[in-house]
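Please read the structure below before turning to the comments.
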Amino acid sequence: MPRRKPQAESHPGDEQESSVRPFWSGTLSFGLVSIPVNLYPATRQVRSPIRMLSADGMPLSRRYFSSDNDRELDDSQIVRGYEVSKDKFVVVTDEELARLDPEKSRDIDLRLFVKTSDIEPVYFEHAYYLAPAKESAKAYNLLAETMENSKRAGIATFVMRDRAYLVAILAENGILRAETLRFSDEVRSPADVGLPKVRRPAKSAVGRFVKLIRKYKKDSIAVDELKDEETEKLLKLVEHKRARHKDVIESETAETKPAKVVDLMEVLKKSLAGKRAA
């Protein structure tokens, strides 16, 4: 895995999707093949948004203060610095960071294909769905089926929001998925965290564990078992208090807008179905 270079803070997919429109569109390309695609986040943040408020219900904002004299700073007094040693920084301007931005491109450039099993799960960072765009369903389906049958993943680079990403393109059930990959210096080895050298246990002890695992073995995991119980409990508490008008506060400037929930898998299915019908 390549090493990453220092960049301005950025994260794709951090904000939740608010419509069915993709937040990135481009082409998936390798050799002479070019497939127009749309990119959708495969996950969404659903943990309850607990916010810090004043006693009268006004949301609190974060401000910057000097650790030396507690003086509040405005934007014109704030610069970026790269820490080269303890309490020693090299200042980098926004203009200098902009010059380091990768060349803008709308291509997901597939450079090689590797065995899917060769990519260690620890390198996976964020998951995205790729959907066919324009008249690309035929080529999209062909690539997805070929990759799935060969159990190969494509390694690609692409630029999103002025930042270059390394991704693995995987195929599952006829749908292409992009997984952004962590860089090599972001992943710790067992030795880095002080794990001892592996010692082979006695066969008799292994046998006991095999029997125990078989006792609890399942052929597949149910999606219902992946619930966030902590968030569910919090939502029930909030709803219980809201229904009884207990501890409910609202700021004078509050504006309520209904949230729109999007089922991305349904969007992908409709997209694929529409292309096939055409």
Side-chain angles (χ1 to χ4, degrees), residues 1-18 21-29 37-45 47 49-52 59-112 119-128 130 154-169 177-194:
M1 295 288 178
R3 297 178 65 84
R4 62 185 173 93
K5 68 176 183 179
Q7 303 206 32
E9 293 181 5
S10 173
H11 244 301
D14 279 349
E15 61 247 23
Q16 290 179 303
E17 65 278 6
S18 59
R21 293 179 299 175
F23 71 89
W24 187 92
S25 297
T27 57
L28 185 62
S29 59
V37 292
N38 293 322
L39 195 70
Y40 298 89
T43 61
R44 59 174 170 237
Q45 182 66 36
R47 287 185 176 272
I50 295 292
R51 295 191 60 182
M52 304 299 289
L60 303 180
S61 60
R62 181 177 297 176
R63 297 180 180 179
Y64 289 96
F65 290 83
S66 170
S67 59
D68 181 38
N69 53 21
D70 289 335
R71 181 168 56 91
E72 184 179 347
L73 305 176
D74 57 34
D75 290 344
S76 64
Q77 299 171 297
I78 299 174
V79 298
R80 299 179 189 271
Y82 188 90
E83 190 170 10
V84 293
S85 61
K86 179 64 174 177
D87 295 329
K88 187 175 184 179
F89 303 86
V90 173
V91 173
V92 183
T93 67
D94 291 342
E95 292 75 15
E96 289 172 325
L97 286 173
R99 288 196 292 269
L100 298 178
D101 286 343
E103 183 179 348
K104 295 185 182 298
S105 172
R106 283 289 175 181
D107 282 339
I108 298 179
D109 182 22
L110 282 165
R111 303 185 305 189
L112 69 156
I119 307 176
E120 297 181 39
V122 70
Y123 283 98
F124 291 138
E125 188 172 27
H126 294 288
Y128 302 87
L130 289 169
I155 303 300
T157 55
F158 80 115
V159 177
M160 180 168 57
R161 297 174 182 171
D162 297 325
R163 183 176 174 184
Y165 291 91
L166 181 69
V167 294
I169 307 298
R177 189 175 77 251
E179 295 269 1
T180 55
L181 300 176
R182 293 182 174 90
F183 292 90
S184 59
D185 58 345
E186 295 177 301
V187 177
R188 289 191 174 106
S189 68
D192 290 336
V193 296

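We're numbering straight along the sequence, starting at 1.
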Next on the checklist: If you define the side chain from C-beta out and look only at heavy atoms, does anything of Arg111 sit under 4.5 Å from Leu166?
Outcome noted: yes
Next on the checklist: Are the side chains of Pro22 and Leu39 in contact, using a 4.5 Å heavy-atom criterion?
Outcome noted: no
Checklist outcome for this item: Hits for salt bridge (Lys or Arg N to Asp or Glu O under 4.0 Å) against Lys86, two or more places apart or cross-chain, chain-then-number order -> none
Next on the checklist: Run the side-chain contact (heavy atoms from CB on, under 4.5 Å) test on Val84 and Phe89 for me, step by step, so that the C-alpha distance in whole Å, both residues' side-chain angles and the decisive distance to 0.1 Å come before the verdict.
Outcome noted: CA-CA 6 Å; Val84 293; Phe89 303 86; over 6 Å; no
Next on the checklist: If the condition is side-chain hydrogen bond (donor to acceptor under 3.5 Å, both in side chains), which residues does Ser66 pass it with, not counting sequence neighbours?
Outcome noted: Asn69
Checklist entry - Is the number of heavy atoms from other residues, nucleotides or ligands under 6.0 Å of Tyr64 OH greater than 12? => result no
Next on the checklist: Taking side-chain hydrogen bond (donor to acceptor under 3.5 Å, both in side chains) as the definition, give me every residue that meets it alongside Glu96, ordered by chain and number, with sequence neighbours left out.
Outcome noted: Thr93
Checklist outcome for this item: Nearest heavy-atom contact between Val159 and Glu103 is CG2-O, 3.6 Å
Item to check | Sequence neighbours excluded - salt bridge (Lys or Arg N to Asp or Glu O under 4.0 Å) pairs with any residue from residues 60-76 | outcome: Arg63-Glu72
Item to check | Asp107: partners by side-chain hydrogen bond (donor to acceptor under 3.5 Å, both in side chains), with sequence neighbours left out | outcome: Thr27
Next on the checklist: My understanding is that only residues two or more places apart in sequence, or in another chain, count here; which of them pass side-chain hydrogen bond (donor to acceptor under 3.5 Å, both in side chains) with Ser189?
Outcome noted: Asp192
Item to check | Exercise: identify the closest heavy-atom pair between Arg182 and Val187 | outcome: CB-CG2, 4.1 Å
Checklist entry - Are the aromatic rings of Phe158 and Trp24 close, with centres under 6.0 Å apart? => result yes
Checklist entry - Less than 4.5 Å apart, any side-chain heavy atom of Leu130 and any of Ile108? => result yes
